[in-house]
Engineer: 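One structure follows; several queries about it will come next.
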Amino acid sequence: MPDYVFPPAAVPAVPVEGTTALFPVRRILCVGRNYAAHRREMGGDEREPPFFFAKPADAIVPLGGDVPYPSLTANLHHEVELVAALGGGGADVPVEDALSLVFGYAVGVDLTRRDLQSAAKDKGQPWEAGKGFDAGAPIGAIRPAALCGEATGAISLTVNGQTRQAARVADMIWSTAEVIAQASRLWRLAPGDLIFTGTPEGVGPLVRGDVVHGEIESVGVLDFTIR
Ligand code: MN
């Protein structure tokens with residue numbers, strides 16, 4: 001054990017279905033605009049290649065629970081997403097090998113301070129304040145990949161029981177394998193990396209007291225409340 005000048009922060013970790021062992025999080029990468037209808041609602045062009053942004057690993061809120069309404073926003077948005085949790089790594093991973101890196105899948109919500117993100121876009125500034133804030137990445141338990149099938153089924157999010165987002169993971173412009181392969185060209189991936197693969201249409205605001213339920217067929221659920 002090195003002699004640190006103060007104790008290092010705890011490793012962010014996510015429960016894994018079927019075991020008491022935790023998945024230690026190294027990095028969080030997120031894909032922007034990976035469903036055609038969401039790309040249109042955000043004013044984008046369907047032919048653009050995928051792009052990525054990051055959240056800090058300690059932005060996760062394992063198993064949801066209570067998520068504090070973040071500071072300095074009046075327009076917090078939900079984005080339900082399939083999350084690929086990597087147990088392997090590498091650089092320049094071919095598409096056909098990419099899914100072999102996946103340890104398991106989970107339901108995640110890419111919480112977004114949309115007003116800060118929009119202001120940053122307008123000014124050509126980075127997105128960190130809009131995307132990479134504290135508790136900005138609620139995530140459900142990770143289900144081992146072998147139990148998830150292709151993980152391309154129904155994806156949905158309700159707020160207080162009302163459906164806001166409902167689509168199919170198969171509708172992604174870039175598949176999970178293509179997303180992982182592309183990310184590995186930009187960064188050397190490693191075990192512990194979480195990749196949020198993008199959200200379908202229907203993103204919208206959350207307020208204090210909202211009860212959020214995310215679900216992905218064959219993957220699992222995520223429940224949390226905005227406090
Ligand atoms: Mn997103």
Side-chain angles (χ1 to χ4, degrees), residues 14 25 27-46 48-61 64 67 70 73 75-86 105-121 125-140 142 151-152 154-159 163-176 178-180 182-183 186-187 193-206 210 212-216 219-220 222 224 226:
V14 182
V25 179
R27 292 179 178 172
I28 304 174
L29 291 172
C30 306
V31 182
R33 299 183 186 172
N34 197 25
Y35 289 78
H38 175 60
R39 189 183 283 273
R40 283 194 295 272
E41 79 181 349
M42 299 305 289
D45 177 333
E46 290 173 29
E48 293 170 31
F51 66 94
F52 295 86
F53 57 91
K55 294 188 184 227
D58 67 359
I60 61 162
V61 184
V67 173
T73 182
N75 197 17
L76 176 68
H77 271 206
H78 55 77
E79 296 189 355
V80 66
E81 310 198 0
L82 175 70
V83 180
L86 302 192
Y105 296 97
V107 180
V109 172
D110 167 19
L111 288 175
T112 302
R113 292 193 281 209
R114 192 72 73 199
D115 41 2
L116 300 192
Q117 184 200 26
S118 297
K121 280 184 187 174
Q125 292 176 348
W127 286 12
E128 271 78 0
K131 289 288 196 179
F133 52 91
D134 297 347
I139 185 170
I142 293 170
T152 55
I155 179 171
S156 63
L157 181 138
T158 67
V159 179
T163 299
R164 294 275 191 89
Q165 297 185 265
R168 298 189 66 78
V169 175
D171 293 338
M172 292 198 302
I173 296 168
W174 299 88
S175 69
T176 301
E178 289 169 330
V179 163
I180 292 169
Q182 177 66 9
L186 290 159
W187 300 276
D193 289 349
L194 297 178
I195 301 183
F196 282 61
T197 57
T199 197
E201 68 278 15
V203 302
L206 294 170
D210 277 349
V212 182
H213 174 78
E215 189 163 343
I216 299 175
V219 171
L222 167 64
F224 62 91
I226 304 293

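Keep in mind it's a predicted model, so treat the numbers as computed, not measured. Just so you know, ligand 1 is whichever comes first in the structure, and atom 1 is the first atom listed for that ligand.
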Engineer: Parallel, tilted or perpendicular, judged at 30° and 60°: which one describes the rings of W127 and F51?
Structural biologist: perpendicular
Engineer: Tell me the closest heavy-atom pair linking L82 and V169, and the distance in Å.
Structural biologist: CD2-CG1, 3.8 Å
Engineer: Is any side-chain heavy atom of V179 closer than 4.5 Å to one of I195?
Structural biologist: yes
Engineer: Checking K55 against F133: charged group under 6.0 Å from the ring centre and within 45 degrees of the axis?
Structural biologist: yes
Engineer: Around the Mn ion (ligand 1), what protein N, O or S atoms are found below 2.8 Å?
Structural biologist: E79 OE1, E81 OE2, D110 OD2
Engineer: Check salt bridge (Lys or Arg N to Asp or Glu O under 4.0 Å) between R114 and all other residues, then give those that pass, not counting sequence neighbours.
Structural biologist: E79
Engineer: Under 3.5 Å, is there a donor-acceptor pair between the side chain of E201 and the main chain of Q165?
Structural biologist: no
